[in-house]
Every structure is written in structure tokens, then in C-alpha cells.
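Here's the structure we're looking at; comments come further down.
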Amino acid sequence: MNSLRSPADEAEARAIQDELRTRVVLDEPGPPPGTGLVTGVDVAYDDERDVVAAAAVVLDAATLTVVEEATAVGRVAFPYVPGLLAFRELPTVLAALESLSADPGLVVCDGYGQAHPRRFGLASHLGVVTGLATIGVAKNPFTFTYEQPGPRRGAESPLLAGTGEEVGRALRTQDGVKPVFVSVGHRVSLDNACAHTLRLAPDFRLPESTRAADTLCRRALRDAIGAGFGTTT
DNA sequence: GCGACAG
DNA sequence: ATCTTGTCGC
């Protein structure tokens with residue numbers, strides 16, 4: 001019953017996405033910004049040794065202080081293929097999330113949710129398999145187009161698919177700095193996803209949840225390799 | 001058909 | 001994602 005078992009090929013991976021996509025919930029507003037817990041997840045790789053490390057960092061949404069941290073290390077189970085990132089990243093992310101004692105609350109992913117060729121990026125995938133509220137905050141617009149938002153923090157503009165539909169939003173989190181690209185994952189509205197992202201990024205371009213998870217998974221990877229993980233003998 | 005393309 | 005020092009600025 002694990003929807004993240006490694007697909008045999010890309011065609012099977014796409015078929016899994018098409019099936020799971022029918023379970024995405026897009027008509028819930030999600031948790032109110034600034035309350036409860038927010039969890040950032042991220043992964044780091046050692047391609048040479050085929051090792052991947054994931055981190056989940058739980059923050060208090062009001063103060064952005066760390067409540068709990070968890071990591072997991074494993075073998076890379078799927079290559080990087082644009083549009084199929086979930087199969088590469090999520091198995092280890094799930095392991096990290098499952099070892100948390102706290103309820104993750106809203107999960108913030110590095111990448112996309114609805115802003116995806118088949119409207120099922122890793123944030124939506126993670127939401128469907130866990131039932132958690134999720135959003136995606138990416139550093140690049142992928143294949144989508146957008147008008148430059150205003151120069152001030154908080155300015156935003158629609159992220160558009162070729163069909164003209166709004167699949168996410170370009171959101172300026174810092175004055176005069178390149179925007180981030182926010183999209184809905186599961187059980188959160190786009191307005192709320194952007195409001196959460198802005199609150200999570202008071203001082204830097206990226207959300208504190210993402211920054212904390214990024215730092216932690218890199219350290220976990222270094223520690224794991226230092227301890228011999230991935231060594232053949 | 002070929003390239004581009006989240007991390 | 002990853003390869004990666006020193007340096008400019010608050």
C-alpha cells in the first residue's frame with residue numbers, strides 16, 4: 001500500500017501520479033497562518049555513493065522557533081526526472097516525518113504542488129499519501145510563466161500554465177529580491193499558502209522552515225557518510 | 001522530432 | 001541537487 005515504492009520506469013511513475021491526483025483536496029483553506037506548527041522538509045544527495053538524507057524541522061508558527069527535528073538516511077531509489085521528483089525525494093522524507101513525535105501541522109516542501117505538468121508535484125504527492133496539509137515553495141518557475149511582481153515584500157503575481165490557468169504564485173518575500181514560487185499541495189488554499197510563506201520568511205528570501213531543513217539534511221548527509229553509510233565493505 | 005525542465 | 005574562497009555589508 002506504499003504509493004512511493006520505486007516505479008519500474010517513468011511510464012509507471014506517471015500512471016501512479018495520475019491515479020493519486022484524483023485524491024488531492026483543493027477546497028479546504030488549511031490552518032490559519034501564524035498558529036500551530038509548521039514543518040519544513042528537504043533532502044540532500046551524495047550521487048557518487050547513491051545516498052540521500054532527509055530532514056524534517058518542526059517550527060512554532062508564531063515564533064518560528066524550532067520545536068523538534070528529525071532526519072532519515074537511505075539509498076537513492078529513482079533518478080532525477082523533471083516532473084517525477086516525488087519518487088526521488090519522498091521515500092526518505094516520509095521516513096523522517098514518521099519519526100517525529102509532534103504532529104507536523106502544515107508541511108512546507110522544496111518544490112511544487114499544483115504547479116506541475118500533471119498538477120501533482122511532490123507537495124501534492126506528500127499531502128495525499130500522508131493526509132497532511134502541504135504547500136510547495138520553489139526557487140525557480142519551472143516551465144511556467146509569470147509577470148514580475150512589484151518590488152516590495154508581499155507583492156505577488158500569478159504563475160501561469162500554458163493554458164492560462166493559475167497554478168501558483170510568484171511571491172516577493174524580501175524587498176528587491178527575486179520572488180519564490182508558491183503553489184498549493186493538499187488541503188490548503190493558494191491565498192493561505194502565500195500568507196504562510198510570507199510569515200515564514202521575515203528576514204530571508206526562503207521560508208525559515210526550508211532553511212532549517214536544508215541545513216539539517218546537509219549535516220545528516222555529512223554525518224552519515226562520515227559514519228560509513230554507502231561504503232561497500 | 002528536439003530541447004527545456006522543481007531538486 | 002552539486003562543484004565552492006574570499007569578500008562586501010549590516
Side-chain angles (χ1 to χ4, degrees), chain A residues 4 6-7 10 13-14 17 20-21 24 40-57 71-94 96 107-128 134-146 153 159-163 166-171 173-186 190 193 197 202-207 209-222 224-225 230:
Chain A
L4 287 165
S6 297
E10 297 182 16
R14 286 190 210 93
Q17 290 183 330
L20 292 180
R21 180 181 52 187
V24 176
V41 294
D42 195 17
V43 302
Y45 302 97
D46 183 311
D47 286 321
E48 185 173 294
R49 297 182 180 75
D50 244 30
V51 177
V52 53
V57 180
T71 62
V73 179
R75 313 308 289 252
V76 177
F78 202 81
Y80 170 64
V81 180
L84 301 178
L85 190 56
F87 297 98
R88 179 172 171 81
E89 304 214 332
L90 292 193
T92 319
V93 167
L94 270 183
V107 179
V108 180
C109 298
D110 223 1
Y112 287 120
Q114 291 298 291
H116 179 273
R118 289 171 296 285
R119 304 293 175 272
F120 199 68
L122 77 172
S124 295
H125 200 139
L126 180 62
V128 166
T134 62
I135 67 174
V137 179
K139 298 180 282 297
N140 300 288
F142 202 13
T143 61
F144 303 102
T145 60
Y146 67 101
R153 166 179 156 84
L159 186 63
L160 304 172
T163 58
E166 183 179 20
V167 295
R169 225 165 264 167
L171 172 65
T173 55
Q174 295 295 314
D175 293 353
V177 172
K178 174 181 174 174
V180 295
F181 303 89
V182 180
S183 62
V184 167
H186 184 60
L190 183 53
T197 301
D203 299 323
F204 300 96
R205 176 184 178 230
L206 297 179
S209 43
T210 299
R211 289 164 43 79
D214 180 78
T215 299
L216 183 57
C217 70
R218 290 186 198 229
R219 185 161 64 70
L221 180 64
R222 177 174 53 68
I225 288 173

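Note: hydrogens, waters and symmetry copies are ignored here, and every other heavy atom, side chains too, is used. To find a chain, count down the sequence lines: A is the first, B the second, and so on, and within it residues start at 1. These numbers come from a predicted model, not from an experiment.
- Rounded to whole Å, the distance from CZ on A:F120 to P on B:dC5 is 24 Å.
- Using cut-offs of 30° and 60° on the angle between ring planes, the pair A:F87 and A:H125 is perpendicular.
- OP1 or OP2 of B:dA6 has not a single side-chain nitrogen or oxygen of A:K139 nearer than 4.0 Å.
- A:D175 is linked by a salt bridge (Lys or Arg N to Asp or Glu O under 4.0 Å) to A:R152, counting only residues two or more places apart in sequence or in another chain.
- The closest side-chain heavy-atom distance from A:Y112 to A:V167 is not below 4.5 Å.
- Picking from C:dA1, B:dC5, B:dG7 the nucleotide with the shortest atom distance to the side chain of A:T143 gives B:dC5.
- A:A115 comes within 4.0 angstrom of nothing in the nucleic acid, heavy atoms only.
- Remark: A:Q114 CD to A:L190 CG distance equals 10.0 Å, nearest 0.5 Å.
- A:L159 comes within 4.0 angstrom of nothing in the nucleic acid, heavy atoms only.
- For A:Y146 and A:F181, the ring centers sit closer than 6.0 Å to each other.
- Within 4.0 Å (heavy atoms only), A:G136 reaches no atom of the nucleic acid at all.
- Candidate nucleotides B:dC5, B:dA6, C:dA1 were compared by shortest atom distance to the side chain of A:Y45, and C:dA1 ranks first.
- For the OP1/OP2 pair of C:dA1 and a distance below 4.0 Å, the side-chain nitrogens and oxygens of A:R218 include at least one atom meeting the criterion.
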message: Run A:L84 and A:Q17 through side chain to side chain contact (heavy atoms under 4.5 Å, CB included) and show every step you take.
response: CA-CA 9 Å; A:L84 301 178; A:Q17 290 183 330; 3.6 Å; yes
- request: Starting at the 5' end of DNA chain C, write a dot or bracket for each base, bracketing those in Watson-Crick or G-U wobble pairs whose two distances are under 3.5 Å and using | for partners on another strand.
  value: ..........
